[in-house]
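Following: one structure in structure tokens, then a few remarks.
Chain letters run A, B, ... following the sequence lines, proteins first and then strands; every chain starts at 1.
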There are 2 protein chains.
Amino acid sequence: MKKSKKRSDCPISCSLDIWGDKWSLLIVRDLMFFQKSTYGDFLRSSEKIATNILASRLQSLEDNGIIERSEHPDSKAKVLYRLTKKGIDLLPIFVEIHLWAEKYFPLPAEFEATIKEAKKDKDLYIRSRKR
Amino acid sequence: MKKSKKRSDCPISCSLDIWGDKWSLLIVRDLMFFQKSTYGDFLRSSEKIATNILASRLQSLEDNGIIERSEHPDSKAKVLYRLTKKGIDLLPIFVEIHLWAEKYFPLPAEFEATIKEAKKDKDLYIRSRKR
DNA sequence: TTATTTACTTGCATTTTGCAAGTGCACATG
DNA sequence: CATGTGCACTTGCAAAATGCAAGTAAATAA
């Protein structure tokens with residue numbers, strides 16, 4: 001299921017080996033900023049990830065301790081995904097990516113609020129995400 | 001040559017569309033932290049990028065304004081690659097990735113010094129890279 | 001009891017990656 | 001000034017990853 005051999009000992013390279021693909025960080029983004037938490041939620045994101053790719057990325061994120069599966073309060077048919085501490089700790093990276101993007105792309109307004117809130121008080125924000 | 005259609009307007013997604021693959025950030029890393037600046041330099045990095053992939057990534061990074069090609073002072077046979085402002089502005093992202101990695105992987109000592117210096121005085125560091 | 005929702009899996013075509021072997025220009029050497 | 005070597009790529013092909021459509025199985029809703 002996993003074949004992620006690490007390419008080198010470089011911390012950047014090791015990090016990319018885990019989440020440096022086109023989809024992983026988007027799933028983390030959905031969990032971190034958009035309160036998405038189920039398979040269906042992720043599928044419905046505007047980037048339209050393929051269902052098999054989603055499954056494989058969720059598996060790999062779980063294998064790498066970035067997310068964890070748990071029971072969904074609403075139904076046994078649902079699975080609730082959430083960020084682990086290791087996953088939540090990716091927040092500063094997202095903030096910096098956002099700052100960079102802000103500088104070099106025109107940004108849709110809907111994102112401003114979300115990230116600005118995160119920047120304002122990181123700890124409060126993290127705690128508010130009920131972990 | 002380029003087919004990078006953007007998947008959505010999300011700033012994270014747009015950023016990943018540019019450099020969110022397994023190799024692009026490693027090239028930027030080499031330019032930013034290890035004074036590598038030629039095709040051969042990148043090829044010799046410990047992750048062992050394939051030569052055709054390197055060529056395509058360099059092209060795409062250039063197309064996206066992250067790096068620029070210029071004449072090499074030593075020889076016409078060489079090409080000197082360097083980061084643009086847009087590329088240098090990725091530095092804070094690297095710093096955060098490194099902080100994250102530091103927390104979750106054991107780190108080889110050689111990287112400590114380099115990144116610590118960068119964190120210490122970002123502007124000075126950037127200026128020292130002769131742009 | 002049947003239909004629908006949810007989380008996947010499977011099969012196959014397309015795309016991207018990886019590897020090995022070129023190619024062509026520049027420069028150094030004899 | 002011919003010839004070899006270094007450098008920046010290309011090319012061709014095999015292997016892996018991705019994307020798409022359809023299917024499956026358990027749980028809930030009607």
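Here the C1' atom of nucleotide D/dC7 and the CZ atom of B/Arg69 are 12 Å apart, to the nearest Å. As rounded to whole Å, 12 Å separates atom P of D/dA27 from atom CD of A/Glu71. We find that NZ of A/Lys22 is positioned 12 Å from C1' of D/dT18, with the value rounded to whole Å. Between the P atom of C/dT17 and the CD atom of B/Gln59 lies a distance of 15 Å, rounded to the nearest Å. In this structure, the CG atom of A/Asn52 is 10 Å from the P atom of D/dC20, given to the nearest Å. Straight-line distance from the CD1 atom of B/Ile49 to the P atom of D/dA8: 14 Å, rounded to whole Å. As a whole-Å value, the separation of B/Ile27 CD1 from D/dC9 P is 12 Å. One interatomic measurement links the two molecules: CG of A/Leu43 to C1' of C/dC8, which rounds to 9 Å at whole-angstrom precision.
Under 3.5 Å, the side chains of B/Tyr81 and B/Asp41 contain no donor-acceptor pair of N or O atoms.
Rounded to the nearest 0.5 Å, atoms NZ (B/Lys103) and NE2 (B/His98) are 14.0 Å apart.
Between B/Glu68 and B/Arg82 there is a salt bridge, since at least one side-chain N of the basic residue sits less than 4.0 Å from a carboxylate O of the acidic one.
Of all nucleotides listed (C/dA26, D/dT28, D/dT10), D/dT28 comes nearest to the side chain of A/Lys76. Distance from the side chain of B/Ser75 is smallest to C/dC27 among C/dC27, C/dC19, D/dC9. Nearest nucleotide to the side chain of A/Tyr39, out of D/dA8, C/dA7, D/dA27: C/dA7. Of the candidates D/dC9, C/dC8, C/dT6, C/dT6 carries the atom nearest the A/Lys78 side chain, counting heavy atoms from C-beta on. Among D/dG19, C/dA20, C/dC8, the nucleotide with an atom closest to any side-chain atom of B/Thr51 is C/dA20.
Partners of A/Ser15 according to the side-chain hydrogen bond (donor to acceptor under 3.5 Å, both in side chains) rule, which considers only residues two or more places apart in sequence or in another chain, do not exist here.
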**Study point:** Under the 3.5 Å Watson-Crick or G-U criterion, the dot-bracket string of DNA chain D, with | for inter-strand pairs
**Key:** ||||||||||||||||||||||||||||||
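Under a hydrophobic clustering in which Ile, Leu, Val, Met, Phe, Trp and Tyr are joined whenever their side-chain heavy atoms come within less than 4.5 Å, directly or via other members, B/Leu80 and B/Ile27 fall into different clusters.
Between B/Trp23 and C/dG18, a side-chain N or O to OP1/OP2 separation shorter than 4.0 Å is present. Using a 4.0 Å cut-off, no side-chain N or O of A/Tyr81 falls inside it from OP1 or OP2 of C/dT6.
Between B/Phe42 and B/Ile49, the shortest heavy-atom distance links the atoms O-CG2, 3.9 Å.
Both A/Asp74 and A/Asp21 lie close to DNA chain D; mapped to their nearest nucleotides by heavy-atom distance, the more 5′-ward contact belongs to A/Asp21.
Residue B/Phe42 is out of contact with every strand shown, counting any heavy-atom pair closer than 4.0 Å.
Heavy atoms of other residues, nucleotides or ligands lying less than 6.0 angstrom from NZ of B/Lys48 number more than 12.
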